[in-house]
Amino acid sequence: MQISTRSGPRILAVLGPTNTGKTHLAMDRMLAHTTGMIGFPLRLLARENYDRAIARVGKGAVALITGEERILPPHARYYLCTVEAMPVNMPVDFMAIDEIQMCADPERGHVFTDRLLHARGRHETMFMGAETIRPVIRQLVENVEFDKRARFSTLTYSGPKKIQRLPSQSAVVTFSAQEVYAVAELVRRQKGGAAVVLGALSPRTRNAQVEMFQNGDVEHLIATDAIGMGLNLDLQHVAFAALSKFDGQFHRGLSAAETAQIAGRAGRHMNDGTFGVTGNLSGIDPDIIEQIEEHEFEPLAKVYWRSALPDFRSVQGLQKSLRRLPDNPTLIRVREPVDEIMLDHLSHIEDIARITRSPDRVRLLWEVCQIPDFRNIHTDAHPRLLSSIYQFLCQPKSRLPIDWMGEQVLRMDRYDGDIDQLSSRLAGIRVWTYVSHKHNWLEDAIHWQERTHAIEDKLSDVLHERLTQRFVDRRTSVLLKSLKDKSELMSTITANGEVQVEGEFVGRLEGFRFIADETDAAFEGKAIASAARRALSGEIAQRVKTLETDEDIQFAVNGKLEILWHDSVVATLKKGDTVLSPEISVIDSEFFDGPTRERVRIRIQTWLNSHIETRLKMLTRLRDCQMTGAIRGLLFQLNEGLGCVPRAELESLIKDLTDEDRKALAKLGVRLGVETVHVLDALKPDPVELRGILWAVSRDLEELPELPPAGRTSVPNDRSNSKGFYLAAGYMPVGPLAARVDMLERFAALLRQKARENDGKVRPDPDLLSLLGCTVEQAEGVFAALGWRPEIVKVKKAVSEPVAEAVAPLAEASADSEAVVATETDADAADAVSGDAPAAPEQDAAAPVESAEGAEAADAVATENTEDEYEEVKFFVRVDRRKRHQSGQNARGPRHQAGPGAAEGRIDNARGEGRGAGNRGGQKGGPRHAKGGPKAGPKAGGGRNNGNPQQPAAKSNQINEDSPFAKLKEMLAAKG
């Protein structure tokens, strides 16, 4: 059975012995992709590589998913998981599985085999493991590339050695907790102490013990084969105290590959390593030695498998589907694993069998059976626990009772007793930590996660202390000896800021902050801390002097609202008196006294003020203008808005501007648009980024949201971003889009122009779409946001497109005696071009317009095309939101009917000025309004006079020869 893969995505198998950099390669490849996921065989390894990933790309981009721990940032892009907990259905660009040879593991092999067969990245998939798995991968997966990696260092057999003669940085390996403790006690008496590592320890305890060894507190590590799986240790030698183990069913000898996996931990990177035996063993089989040294092992022929398609229709069907045999000879069905044993046990309980009748209940039962037995006590205690959990979840509330859950957890919340008792409680609380991550099982899962994690951490710490007290004599540790022997510790700082004490890396100096290395937590000697402070005090003083005299180019501000000096954080921004004058907060440093901190603050504040003045000169000159009246208020609000404010918020100020004020604004680069008032020069990418930072600081945010890409005329309107953020970035939210304000003004001007050319109606044509780079649907949303409403017009399909466009508005006007025709005066048109245009006026609905020419043309079309079909076309017309305040009259009369003798005054709301149409009607009413002037009599100019309706002019059936309707009639006649 081979698994077909899609053409294109790469599948790579990186195979080789330990210490070949396979995991490092996978981490680098994952972080090179936009998204990625790696599955590890141990929670410890997932956590270790999670920490590496967040150090490179930040906490918000990385998630950790294991059975007992879930850290899921909302915008995570990279997932570090245990193999069992991998959400393999989540689409990611890169997918990797570590230690893929675990497919042959009797207990967990079926999970790794499932990932080998089904886990795929969209662009790249990687399997890392031993060379022995090559034939299995070649058999089961198509289109695989193989990359064989050579070990960085040499591994050599060194024969048997007594424990007291073991070299420093050695590990002694045996295969039971009792044997580990016995050897550790012997090493403590003879060598001063040892760290211990067992699979039963929690990751936190195991890390603490390994860290003690890594730091040099002890020279020896006593461990089970738990160290063979991915632990990176500074080991020079591995000594086997036993070469056989109990695998859960049988007591058997280690294979050559298993022995090599453990022995290969000796030698780190380019340092060679050795392996041998100790205790009662006399040696290792020469054939196995040769295989280990040459890294040549018998290839795997079989791997464990279980069906990935469980049948949840019934318990019996589920059991049958899980026991299905594979149809490929390379696959062998997994030995009956613990979850299947639990399923069989629970299915024979009468109370459970009675309530497990539906597929949902069967699925839930299977989920409960997969709760791990970390205690591994081989009694009926675990089945009883699973039975209780399942029956609680089948009750009406489908939740674990709070009192019962609290009672179970409280039993583990004890820290007395010996190592075995603490280990038992630690295994027990890990079960409840696993349960707490089943969100649908608990009322307040977060609370239980926090509580169980806190208990697990404290138990881990107490167990680490007990192990250290029992197996380590700190007075004889190598590091403490070296500290005693020297009157003064040697401390140095490298050029890249690494701090070393006695040649050991203890931390890094970034700017003015000392960041201790995570692995140095076990150092409790005050001498080391004192040496680091002595080394850094002079360095800090010199760095302060350099900062005061350094060029401005060495400073920068980033999206996290931090100020960098030589790429190190030295201060953070905080809100000031105005948006253009933020303040700074110098970072905390144990090396700063009051005067030193003030010196640093003054230099950074000086740079920041200069930086804002240089990059935002177009705004600072608005701030510094000495003006009064309406223009002063407008400039103040424009500064607070960082150069872009919606016009509606400034309308009361704009109407009070004088001509001189408008000229002054033009000289300052201020544009009075239809939708916004903005400073054009502030829209360039460099000012935009700084404007966004200043906006985030003024809002007390922790970091700057992602800015729209430079050069984009519009972006989707992300509702999670505020309107103020978009305006600070030079964009205006309009319906589904956020449009760059200069392009929005051009869009609005073109929209109005097209409306004038087509009797007030527009459609989203390519000219409009290209301005904002949007789709028709998005443009319609922008229309609505700008105050245009859709209107459906019926157009005859048989009429050619140019004729249809001409006839559509005329047919509508003729058919509806109450039609409203929206036009725009020449003054309004001039305003639209200048960018200072009022909204288009709305026609008085009580003043109908009848066109004899339009009626005749429409009649002609109807006569010539009586059999033609109509289609509906969506146009958009302006919705006028202004109101006229005329007592006893309608809000607005039809402008285009202001003919000679009109007595009604005309009020321009956009400019707030009154214009008497009666005084100028004879001069301008006719020429400006061809429809209203010539055809309306002296009494028809105003539509209404003193509240009395006017009589409409008599219709004429004669079409004016110069009218476009005459040409239209000729076209229709020519058409036949």
* **Evaluation steps, salt bridge (Lys or Arg N to Asp or Glu O under 4.0 Å), between D272 and R151** => CA-CA 10 Å; D272 294 340; R151 184 178 166 88; over 6 Å; no

Can you find a side-chain donor-acceptor pair between [X] and [Y] that sits under 3.5 Å?
X: T174; Y: E179; answer: yes
X: Q101; Y: E99; answer: yes
X: H464; Y: T205; answer: no
X: R204; Y: N207; answer: no

Donor-acceptor pair, [X] side chain versus [Y] backbone, under 3.5 Å?
X: K161; Y: G279; answer: no
X: R115; Y: A96; answer: no
X: T18; Y: G264; answer: yes
X: T113; Y: Y304; answer: yes
X: S424; Y: D420; answer: no
X: T20; Y: G16; answer: no

* **With D418 via salt bridge (charged side-chain N to carboxylate O under 4.0 Å, His left out) - residues at least two apart** => none

* Structure fact -> The salt bridge (charged side-chain N to carboxylate O under 4.0 Å, His left out) partners of R134 (sequence neighbours excluded) come to E131

Gap between atom [atom2] of [Y] and atom [atom1] of [X] - 0.5 Å precision:
X: Y79; Y: I71; atom1: OH; atom2: CD1; result: 13.0 Å
X: L322; Y: D344; atom1: CG; atom2: CG; result: 11.5 Å
X: L64; Y: R47; atom1: CG; atom2: CZ; result: 6.0 Å
X: L45; Y: L42; atom1: CG; atom2: CG; result: 4.5 Å
X: H345; Y: C369; atom1: NE2; atom2: SG; result: 10.0 Å

Shortest non-hydrogen contact between [X] and [Y], atoms and distance:
X: L426; Y: E456; answer: CD1-O, 3.6 Å
X: G283; Y: Y157; answer: CA-OH, 3.5 Å
X: A256; Y: Q291; answer: CB-OE1, 3.6 Å
X: R414; Y: L459; answer: O-CD2, 3.1 Å
X: M128; Y: A26; answer: CE-CB, 3.5 Å
X: A194; Y: V472; answer: O-CG2, 3.4 Å

State whether the number of non-hydrogen atoms from other residues, nucleotides or ligands found under 6.0 Å of [X] atom [atom1] is greater than 12.
X: K438; atom1: NZ; answer: yes
X: E290; atom1: CD; answer: no
X: E145; atom1: CD; answer: yes
X: D416; atom1: CG; answer: yes

Residues which pass side chain to side chain donor-acceptor pair (under 3.5 Å) with [X], listed by chain and number, not counting sequence neighbours:
X: T156; value: none
X: D114; value: none
X: E185; value: R188

[X]/[Y] ion pair, N-O < 4.0 Å:
X: R149; Y: D147; answer: yes
X: R252; Y: E258; answer: yes
X: R430; Y: D373; answer: no

Are any of the side-chain heavy atoms of [X] and [Y] separated by less than 4.5 Å?
X: T274; Y: L155; value: no
X: F40; Y: V83; value: no
X: L235; Y: F213; value: yes

* Asked: Where do I97 and F112 land on the side-chain contact (heavy atoms from CB on, under 4.5 Å) test, with the steps shown first?
  -> CA-CA 8 Å; I97 309 296; F112 284 79; 4.2 Å; yes

For [X], give me all partners under ring-ring contact (aromatic ring centres under 6.0 Å, His included), at least two apart in sequence or on another chain.
X: Y434; value: none
X: F94; value: H33
X: H453; value: H437
X: F240; value: none

* Structure fact -> Those residues at least two apart in sequence (or on a different chain) that pass side-chain contact (heavy atoms from CB on, under 4.5 Å) with R324 are W305, S307

* To do: Could you name each residue pair satisfying ring pair (Phe, Tyr, Trp, His ring centres under 6.0 Å) that touches residues 190-210, not counting sequence neighbours?
  => none

* Any pair with a residue in residues 159-194 that passes ring pair (Phe, Tyr, Trp, His ring centres under 6.0 Å), sequence neighbours left out, goes on the list, sorted by first then second residue, please. => Y181-F471

* Verify side-chain contact (heavy atoms from CB on, under 4.5 Å) between I332 and V303, making sure each step is shown before the conclusion. => CA-CA 6 Å; I332 54 176; V303 293; over 6 Å; no

* Asked: Please walk me through it: do D339 and R306 pass salt bridge (Lys or Arg N to Asp or Glu O under 4.0 Å)?
  -> CA-CA 12 Å; D339 51 7; R306 182 166 71 183; 3.0 Å; yes

* Residue pair S423, L463: steps toward the side-chain contact (heavy atoms from CB on, under 4.5 Å) verdict -> CA-CA 7 Å; S423 298; L463 179 57; 3.8 Å; yes

* **Worked check of side-chain contact (heavy atoms from CB on, under 4.5 Å) between V62 and Y50** => CA-CA 7 Å; V62 188; Y50 166 80; 3.5 Å; yes

